[in-house]
Amino acid sequence: MIAAFAALSACAPQETAPLSGDALVARGDYLVNSVVLCGDCHTPMGPQGPDQTRRLQGGPNLTTPTIDIPWGDVVPSIAGTPAYYTEDQFIAFLQTGVRPDGTHPRPPMPPYRLNEDDARAVAAYIATLPRGGEEHTEDSH
Ligand code: HEC
């Protein structure tokens, strides 16, 4: 009985070390492009659909609300880390949905509640993307 229990606990999931470097970026690439899909809104549309040469570089928000609520008309560029955020502020934003100044972005920006490891991976991947010409502007608040 004791032996069986010991064998079982040997199979229990072990604590794994947090990812870093290329593995962290690869995890973020998977999360951004296959799970949370930031690019559905933050990658500008080209003639053939989302322009992957300008990944997460922002543009006009082509969707409109079905009810009368405040709406983000411009999707900011977040490639290379969003303007006005430090990396730590960006990681906190991905865990809370709250901006560094305590306010919330307008819909349709979802209020993400990623766990810390996933937030770090998303931020690490986005930091590797080239920044575009579009910048976050005051009137997109
Ligand atoms: C459904 C569309 C949509 C998706 C999906 C989306 N966003 Fe957004 N995001 C927006 C819009 C629209 C705004 C602008 C909101 C405004 O103007 O108030 C925005 C704003 C932002 C901002 C700027 C916040 C600020 O301080 O003004 C950041 C950072 C951001 N998004 C990051 C992300 C990340 C990272 C992802 C994926 C994990 C993501 N977004 C997914 C639509 C989206």
Side-chain angles (χ1 to χ4, degrees), residues 2-141:
I2 288 171
F5 180 74
L8 267 180
S9 57
C11 296
Q14 302 293 308
E15 283 286 317
T16 49
L19 298 175
S20 62
D22 289 349
L24 187 68
V25 170
R27 167 100 182 133
D29 183 340
Y30 163 71
L31 288 171
V32 168
N33 294 312
S34 304
V35 183
V36 282
L37 307 179
C38 315
D40 277 5
C41 299
H42 284 270
T43 297
M45 277 294 179
Q48 315 289 323
D51 181 353
Q52 298 302 345
T53 65
R54 295 192 291 148
R55 197 170 269 186
L56 301 189
Q57 291 182 9
N61 182 358
L62 302 176
T63 64
T64 49
T66 49
I67 51 169
D68 188 19
I69 51 167
W71 197 248
D73 300 323
V74 175
V75 187
S77 174
I78 56 172
T81 302
Y84 306 114
Y85 284 68
T86 64
E87 193 185 349
D88 282 347
Q89 286 174 334
F90 187 34
I91 290 166
F93 173 77
L94 292 168
Q95 294 178 267
T96 61
V98 181
R99 289 179 175 135
D101 69 2
T103 62
H104 295 79
R106 287 168 296 191
M109 174 62 197
Y112 288 105
R113 303 279 194 279
L114 300 184
N115 70 30
E116 185 177 346
D117 289 348
D118 288 349
R120 287 190 180 286
V122 166
Y125 165 70
I126 289 176
T128 67
L129 298 177
R131 290 177 188 277
E134 295 277 344
E135 282 300 329
H136 176 101
T137 56
E138 268 313 300
D139 66 28
S140 71
H141 271 257

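Atoms within each ligand, like the ligands themselves, are counted from 1 in listed order.
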Handout entry: Distance, nearest 0.5 Å, that separates CG of Asn61 from CH2 of Trp71
Key = 6.5 Å
Practice task
Compare all side-chain heavy atoms of Arg99 with those of Tyr85 and state whether any distance is below 4.5 angstrom.
Solution key: yes
Completion exercise
Heavy-atom proximity to atom 14 (C) of ligand 1 ranks first, among Thr103, Val74, Ile78, for Val74
Exercise for the section: For ligand 1, find out whether one of its N or O atoms is nearer than 3.5 Å to an N or O atom of Asp40. Expected result: no
Practice task
Under 4.0 Å, heavy atoms only, figure out whether ligand 1 is touched by the backbone of Pro110, its side chain, both or neither.
Solution key: side chain
Fill in the blank from the handout: Separation between SG (Cys38) and OH (Tyr112), nearest 0.5 Å, reads 5.0 Å
Handout entry: Within reach of ligand 1, part of Phe93 (heavy-atom separation under 4.0 Å)
Key = side chain
Exercise for the section: For residues Arg131 and Thr81, report the shortest heavy-atom separation together with the two atoms involved. Expected result: NH1-O, 2.8 Å
Practice task
Taking only heavy atoms of Cys41 into account, list the atoms of ligand 1 that are under 4.0 Å away from them.
Solution key: 1 (C), 2 (C), 3 (C), 4 (C), 5 (C), 42 (C), 43 (C)
Handout entry: Proximity flag Leu37 to ligand 1, non-hydrogen atoms under 4.0 Å
Key = yes
Exercise for the section: Compare all side-chain heavy atoms of Met109 with those of His42 and state whether any distance is below 4.5 angstrom. Expected result: yes
Exercise for the section: Decide whether the shortest distance between a heavy atom of Leu94 and an atom of ligand 1 is less than 4.0 Å. Expected result: yes
Fill in the blank from the handout: Within 4.0 Å of some non-hydrogen atom of Val36, the atoms of ligand 1 are 38 (C)
Handout entry: 4.5 Å side-chain heavy-atom contact, Gln95 and Asp118
Key = no
Practice task
Return yes or no for this condition: an N or O of His42 is under 3.5 Å from an N or O of ligand 1.
Solution key: yes
Practice task
Report the part of Tyr84 in contact with ligand 1, treating N, CA, C, O as backbone and CB onward as side chain, heavy atoms under 4.0 Å; options are side chain, backbone, both, neither.
Solution key: neither
Problem - Min heavy-atom dist Tyr85 to ligand 1 below 4.0 Å - result: yes
Exercise for the section: Please tell me if the side chains of His104 and Val98 come closer than 4.5 Å, counting only heavy atoms from C-beta onward. Expected result: yes
Problem - Minimum non-hydrogen distance to atom 37 (C) of ligand 1, winning option of Pro82, Gly39, Cys38, Gly72 - result: Cys38
Fill in the blank from the handout: In terms of its nearest heavy atom to atom 10 (C) of ligand 1, the top option of Arg106, His104, Met109 is Met109
Practice task
Can you establish whether the number of heavy atoms outside Asp22 located under 6.0 Å from its atom CG is more than 12?
Solution key: no
Practice task
Identify which one of Ile78, Leu56, Leu129, Leu37 satisfies the side-chain contact (heavy atoms from CB on, under 4.5 Å) criterion when paired with Val32.
Solution key: Leu56
